[in-house]
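First the structure, in the form of structure tokens, and then the observations on it.
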Amino acid sequence: MNVHVNALANAHLPDAKTSAFASDVLAGLTQQPKQLSPKYFYDAAGSDLFEQITRLPEYYPTRTELGILRDRGAEIAAIIPEDAALIEFGAGATTKVRLLLENCGFAAYVPVDISGDFLTAQAESLRHDFPDLAVHPVIADFTTAFSLPRAIDGKPKVGFFPGSTIGNFEPHEACRFLRSAREILGTGALMIVGVDLEKDERILHAAYNDAAGVTARFNLNLLLRINRELGGNFDLSAFAHRAIYNREQHRIEMHLVARKPQTVRLLGTTIAFRAGESIHTENSYKYSIARFGALARGSGWSVQTVWTDASEMFSVQALVAEA
């Protein structure tokens, strides 16, 4: 513990957010096998690269989910209670939530994210475009318990968790998140969640190993961020992006693989890599509709409706919080 404290002091890392990043990185890179949390992908450069990924021809999830939300908007609106508040867990780009707000007539919107500056900008934009909508941003880690604004007390609650983010959790973590969301939203609440579905492995491989190399740059940017913010000395050319499908676990795994033996200095710690050794940076679980339904039921939710695209590549599911 003292080694970490001294390293942080020497690196001039005074704020809690950066210190948490440093502690998580050190812990992840000094264990076996090495790993880093995917939540640290999203600095400014990483967020921009991810937006580029969503527009790639190989990357189906974003455009497929948008198509479902657009094409099934009337059906989704039909199950939304009157005067409801929409609570988005991990508010991101507003493209998807705007489709819900346009179709469903929510009385209030509560975006939840740990980035206060981002939330403020998002809230102002939505207030301008939806003048009759009450917007109440909450700065919090959406994966843990947080309090909803008093202003939406008494309103029906609808959670929103789009994208394939639920697949980035380990299954037990996904259960924990869904249980937490149920406690926050309350019995009888709805939850609209995006769930990526099992499919041909060739489609998955192409989606995470795009021809333009954007996903590779996105993965490697995590090392660049460590160099910039934590004073690391990673040589990015000495690591290769690798994404593979693990059939037994039903998941895509992303790794950064050392091309040669090397050592890296980080916050006063020397970290050795063997040739071929990897840093596991992300999992993306793919579910069958039945397997996700079982996970939801085990977390206190029942599946009310499942909407998919014609090819059943992706699903948007409406869950109901059980008593």
Side-chain angles (χ1 to χ4, degrees), residues 15-24 27-28 35-42 80-81 83-92 94 96-97 100 106-120 122-123 126 134-195 282-283 285 287 292-304 317-323:
D15 62 282
K17 185 185 296 186
T18 308
S19 297
F21 178 36
S23 296
D24 288 350
Q35 65 180 38
L36 292 169
S37 171
K39 71 182 179 181
Y40 293 120
F41 279 136
Y42 300 97
I80 302 300
D83 198 41
L86 180 67
I87 296 92
E88 183 171 9
F89 292 82
T94 62
K96 294 171 187 174
V97 77
L100 281 190
F106 286 99
Y109 171 56
V110 180
V112 183
D113 196 78
I114 203 163
S115 172
D117 292 341
F118 175 82
L119 276 186
T120 299
Q122 182 193 54
L126 288 170
V135 181
H136 306 286
V138 171
I139 301 171
D141 179 350
F142 71 86
T143 65
T144 62
F146 61 87
S147 298
L148 293 174
R150 296 289 298 274
I152 65 168
D153 284 356
K155 294 185 182 298
K157 311 296 191 301
V158 179
F160 188 41
F161 196 48
S164 52
T165 310
I166 194 77
N168 295 141
F169 294 132
E170 294 298 308
H172 72 277
E173 294 171 339
C175 285
R176 185 168 63 230
F177 165 72
L178 288 172
R179 290 191 192 103
S180 175
R182 180 186 169 281
E183 290 299 314
I184 291 165
L185 298 174
T187 301
L190 287 175
M191 184 80 163
I192 298 172
V193 57
V195 182
E282 185 177 53
N283 291 322
Y285 282 84
Y287 287 93
F292 188 77
L295 185 147
R297 288 191 298 275
S299 308
W301 298 85
S302 59
V303 179
Q304 176 173 325
Q317 306 198 23
L319 313 180
V320 179
E322 297 175 340

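Basis for what follows: all heavy atoms, side chains included, without hydrogens, waters or symmetry-related copies.
- Considering OH of Tyr109 and CG of Leu126, their distance stands at 6.0 Å, rounded to 0.5 Å.
- In plain terms, the two heavy atoms of Asp83 and Pro156 that are nearest each other are O-CD, 3.6 Å.
- A tilted orientation is assigned to the rings of Phe177 and Phe161, their planes being inclined by 30° to 60°.
- Nearest approach of Pro171 to Tyr285, heavy atoms of both residues: CD-CZ, 3.6 Å.
- Looking only at distances, a side-chain donor or acceptor of Arg182 sits under 3.5 Å from a matching main-chain atom of Glu322.
- The closest side-chain heavy-atom distance from Leu148 to Ile184 is below 4.5 Å.
- With rounding to the nearest 0.5 angstrom, the CD1 atom of Ile114 is 8.0 Å from the OG1 atom of Thr144.
- Closest non-hydrogen pair, Val135 versus Pro111, comes out as CG1-CD, 4.3 Å.
- Across every non-hydrogen atom of Glu88 and Pro162, the tightest pair is OE2-CG, 3.8 Å.
- Side-chain atoms of Ser180 never come within 3.5 Å of backbone atoms of Arg176 as a donor-acceptor pair (strictly under, hydrogens ignored).
- Phe146 and Ala140 get closest at one heavy-atom pair: CB-CB, 3.8 Å.
- Listed for the Lys96 side chain is no donor-acceptor partner under 3.5 Å among the backbone atoms of Thr94.
- Residues Pro81 and Lys155 have side chains not in contact (no heavy-atom distance under 4.5 Å, counting atoms from C-beta outward).
- Pairing each heavy atom of Val303 with each of Leu319, the nearest pair is CG2-CD2, 3.7 Å.
- The shortest distance between side-chain heavy atoms of Lys39 and Thr143 does not fall below 4.5 Å.
- Dense packing is recorded around CG of Asp153, with more than 12 heavy atoms of other residues, nucleotides or ligands lying under 6.0 Å away.
- For the pair Asn168 (side chain) and Asn283 (backbone), a donor-acceptor distance under 3.5 Å is present.
- Rounding to the nearest 0.5 angstrom, the gap separating the CG atom in Leu185 from the CD atom in Glu183 is 10.0 Å.
- Ile87 CD1 to Ile152 CD1: the interatomic distance, rounded to the nearest 0.5 Å, is 4.0 Å.
- Considering only heavy atoms from C-beta on, Thr165 stays 4.5 Å or farther from Phe89 through its side chain.
- Here the CD1 atom belonging to Ile80 is positioned 4.0 Å from the CZ atom belonging to Phe106, to the nearest 0.5 angstrom.
- Within the model, atoms CD of Gln35 and CG of Asp24 stand 10.0 Å from one another, a figure rounded to the nearest 0.5 Å.
- Scanning for salt bridge (Lys or Arg N to Asp or Glu O under 4.0 Å) contacts around Asp141 gives an empty result, with sequence neighbours left out.
- Gln122 has its side chain out of reach of Asp113: every pair of non-hydrogen atoms, C-beta onward, lies at least 4.5 Å apart.
- Proximity of Leu295 to Leu178: side-chain heavy atoms (C-beta onward) are separated by under 4.5 Å at one or more points.
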